[in-house]
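Since the structure comes first, as structure tokens, the remarks are kept for the end.
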There are 2 protein chains.
Amino acid sequence: MLDERKQRILQAIINDYISSAEPVGSRTIARKYDLGVSPATIRNEMADLEMLGYLEQLHTSSGRVPSSKGYRFYVDGLLPHQEMSENEKALIDKWYKAKVRRVEEVFQETAKIISRVTKNISLVLAPQLSQAAFRCLQFLPLDGRRVIAVIMTDAGFVENKIVEMPDGATFEDFRRMSNVINKVLAGHTFDMISSESLQRIRDEIMDSTLYDAALELIHRSLDTEKTERLYLGGTTQLLNQPEFRDVGKIKDLLLMLEEEQLLKDILHAHLGDGLSVTIGHENKYSGIQDCSIVTATYHLDGELLGTIAVLGPTRMEYGKAMSLLSYMNNNLAEIIKQLRW
Amino acid sequence: MLDERKQRILQAIINDYISSAEPVGSRTIARKYDLGVSPATIRNEMADLEMLGYLEQLHTSSGRVPSSKGYRFYVDGLLPHQEMSENEKALIDKWYKAKVRRVEEVFQETAKIISRVTKNISLVLAPQLSQAAFRCLQFLPLDGRRVIAVIMTDAGFVENKIVEMPDGATFEDFRRMSNVINKVLAGHTFDMISSESLQRIRDEIMDSTLYDAALELIHRSLDTEKTERLYLGGTTQLLNQPEFRDVGKIKDLLLMLEEEQLLKDILHAHLGDGLSVTIGHENKYSGIQDCSIVTATYHLDGELLGTIAVLGPTRMEYGKAMSLLSYMNNNLAEIIKQLRW
DNA sequence: GTTAGCACTCACTTATTCAGAGTGCTAACA
DNA sequence: TGTTAGCACTCTGAATAAGTGAGTGCTAAC
């Protein structure tokens with residue numbers, strides 16, 4: 001374990017590096033932070049901290065830079081707990097109020113706010129509905145050949161699909177079909193729709209072309225309901241960070257950000273962790289091993305959940321990101337509920 | 001007017017510059033393109049072309065670069081008409097088939113394809129529905145307090161909204177309301193819904209709280225139907241272009257690309273022009289005066305329209321972009337119709 | 001244990017040189 | 001008169017060299 005002075009020095013170094021983005025030397029620390037010791041002493045301590053793996057040196061005669069381990073220690077132990085100021089909270093509330101009309105816009109706007117406040121990239125994973133319970137299905141006639149299926153879930157989401165009627169089928173057949181499906185599936189989450197349920201529907205419908213139509217409809221619903229949406233914000237913030245002065249690096253990261261599935265996987269890894277911080281090399285995906293991710297999982301009606309995250313260089317204002325995500329987290333469920341009516 | 005030889009030289013220079021991105025000198029032209037004259041002669045011609053404003057020189061002793069006027073002449077007169085090869089067409093069709101399930105995905109995928117093929121940024125403006133005709137509205141009961149409104153348009157789009165019932169109103173009231181609205185608005189485009197129609201609805205409903213609910217519903221529909229969506233593709237392609245080796249320029253353009261309204265305005269300016277090319281300084285918005293935009297307007301059922309576009313440095317493969325957009329244009333309406341069922 | 005002093009390292013900046021590509025001009029040529 | 005070869009000149013970009021400054025590690029004194 002690090003003694004008191006080493007901790008204070010490490011903290012000073014990380015604070016300084018986070019705000020300056022320059023390798024920090026003993027002299028700077030001695031001057032800016034009043035630790036009551038000379039640069040030489042700090043140099044010795046820094047050498048120790050490097051030995052222990054908390055700091056790194058780019059070349060023999062440059063200042064030190066925090067390592068992943070250093071940041072980890074900082075985040076776990078040295079970081080003073082921060083809260084958003086009332087001012088900031090009010091500002092965020094105002095942004096939401098001004099912009100948000102539809103549920104979709106909540107996620108979009110959340111991403112924007114996070115990136116604006118943290119000056120980093122934000123990721124917002126909207127809840128997937130596979131854990132929502134099926135509530136009911138109704139058909140509406142569209143024209144002679146087609147009907148509209150309206151599907152509702154317990155969480156209050158509504159979707160519609162246009163369905164082609166098989167030859168010979170009537171709207172009355174479809175109404176009968178909806179009764180069967182409603183009876184069998186009511187209360188089932190989309191995840192839980194099993195082959196057994198399908199079998200029951202088949203038995204009750206007793207008409208194979210109708211059953212096929214029902215099956216296709218259910219599959220199409222599952223398809224859309226299961227795909228969760230990912231909202232990205234602030235990719236241009238990247239360009240202001242000195243660690244991305246190089247076009248090659250920008251390209252690498254932007255290309256990665258286009259790989260939606262990869263991003264989803266990364267966020268999934270932290271689903272349910274509450275507030276979690278992953279630093280530099282702790283990241284499994286090598287493309288972001290000089291970045292850190294702060295994630296927070298939010299809940300909606302107990303079950304349904306999504307994730308919001310900040311992605312930025314390891315040199316990141318962790319305190320700010322964490323306090324912001326906590327706040328957004330609490331807000332988000334509330335705002336979505338209000339909007340859903 | 002330029003004589004035959006000047007034209008051929010201009011063409012050669014532009015071709016070369018488009019593929020090399022390097023200022024091109026007399027020697028290169030003489031060597032690569034068999035014009036039957038010596039570099040010295042070409043030098044003289046190039047000096048003339050510069051005088052006439054078709055070429056520019058960065059400094060006294062560098063090769064020449066085409067000016068906006070030069071590209072304009074090239075696009076209008078020198079560009080051989082190109083068609084997509086059957087191979088490419090087949091490839092594109094395959095991409096669509098593999099990826100596209102929902103109407104929304106058509107636009108998304110179109111943007112992706114355009115950027116992939118042209119290696120530039122693509123813009124796809126999805127048709128706004130304000131010109132779609134209202135077809136019918138139906139209500140479904142959701143729970144005691146709320147109903148679902150399902151709105152259909154002639155173009156085959158279906159939307160739903162959750163509506164809160166005013167105190168004391170019953171589902172039967174809403175059913176009656178839908179009858180009135182359907183009678184009055186049937187066949188009206190969203191653009192055409194006038195205060196007169198609203199007045200008629202008011203007269204028929206004869207209940208001010210119910211009328212308020214109806215009004216709100218109509219407004220909400222107009223809100224969503226009127227906002228057209230913009231899909232962007234290939235922003236990372238930017239980073240491969242040598243003209244964007246500089247981080248500052250990347251930032252400027254990426255920031256501009258975040259201004260959705262601005263982009264829409266730019267596309268709107270060309271709405272209905274068919275295939276249109278805007279080069280460099282011809283652009284009104286100063287942020288893209290070293291870029292060119294190729295746009296094409298597509299139609300859906302005569303009225304409904306949108307725009308697809310390629311945005312890239314003035315040094316762009318105009319022929320490729322134009323032939324691709326023409327092809328996509330023809331395809332797009334077809335694919336959307338098929339998908340809509 | 002702490003600190004001052006000093007030699008040393010390394011990146012970054014500035015200046016200089018040099019090669020290469022390209023031009024414009026002149027004079028010769030067909 | 002239009003075309004071309006030749007040549008002096010210009011400018012960029014890469015390579016090299018020297019100088020500067022921030023920072024370190026080590027040693028010896030406090």
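Classification of the B:Phe73-B:Tyr54 ring pair by plane angle, with boundaries at 30° and 60°, yields perpendicular. Ring geometry for B:Tyr74 against B:Tyr318 counts as perpendicular: the plane angle is over 60°, on a 0 to 90° scale with 30° as the lower cut.
Taking atom CG on B:Leu35 and atom P on D:dT3, their separation rounds to 12 Å, with Å as the unit. One can place CG of B:Asp3 at 11 Å from P of D:dG2, the figure rounded to the nearest angstrom. The CG-P distance, from B:Leu55 to C:dG24, rounds to 11 Å in whole Å. For B:Ile42 and D:dT4, the CD1 to C1' distance is 12 Å, given to the nearest whole Å. Rounded to a whole Å, the CG atom of A:Asn44 is 9 Å from the C1' atom of D:dC26. In this structure, CD of B:Glu50 is placed 7 Å from P of C:dG24, rounded to the nearest angstrom. Rounded to whole Å, atom P of C:dA21 lies 18 Å from atom CD1 of B:Ile13. We find that CE of A:Met46 is positioned 8 Å from P of D:dG25, with the value rounded to whole Å.
The side-chain heavy atoms of A:Leu254 and B:Thr235, taken from C-beta on, include no pair separated by under 4.5 Å.
Regarding contacts with the backbone of D:dT4, a side-chain N or O of B:Ser38 is found under 4.0 angstrom from either OP1 or OP2. Contact annotation: B:Ser26 side-chain N/O to C:dT23 OP1/OP2 distance is under 4.0 Å. Phosphate proximity of D:dT10 to B:His59: absent, as no side-chain N or O sits under 4.0 Å from OP1 or OP2. Here A:Thr28 reaches the OP1 or OP2 of D:dG23: one of its side-chain N or O atoms lies under 4.0 Å away. Remark: B:Thr41 is not in phosphate contact with D:dG2, judged by side-chain N or O atoms under 4.0 Å from OP1 or OP2. Contact between the side-chain N/O atoms of B:Arg31 and the OP1/OP2 oxygens of C:dG22 is not found at any separation under 4.0 Å. OP1 or OP2 of C:dC10 has at least one side-chain nitrogen or oxygen of A:Thr60 nearer than 4.0 Å. In this model, the phosphate group of D:dT24 is approached by a side-chain N or O of A:Arg64 to a distance below 4.0 Å at OP1 or OP2.
The nucleotide D:dG21 finds its pairing partner in C:dC10, both defining distances of the Watson-Crick or G-U wobble pair being shorter than 3.5 Å. Base-pair partner of C:dT2: D:dA29 (Watson-Crick or G-U wobble, both distances under 3.5 Å).
Side chains of B:Gln241 and B:Arg315: a donor-acceptor N/O pair is present below 3.5 angstrom, by distance only.
Toward the 5' end of DNA chain D, the nearer of the two residues B:Ala40 and A:Val24, judged by each one's closest nucleotide, is B:Ala40.
In this structure A:Asp3 satisfies the salt bridge (Lys or Arg N to Asp or Glu O under 4.0 Å) test together with A:Lys6, sequence neighbours excluded.
Taking every side-chain heavy atom of B:Arg43 into account, C:dC25 is the closest of C:dC25, C:dT3, C:dC10.
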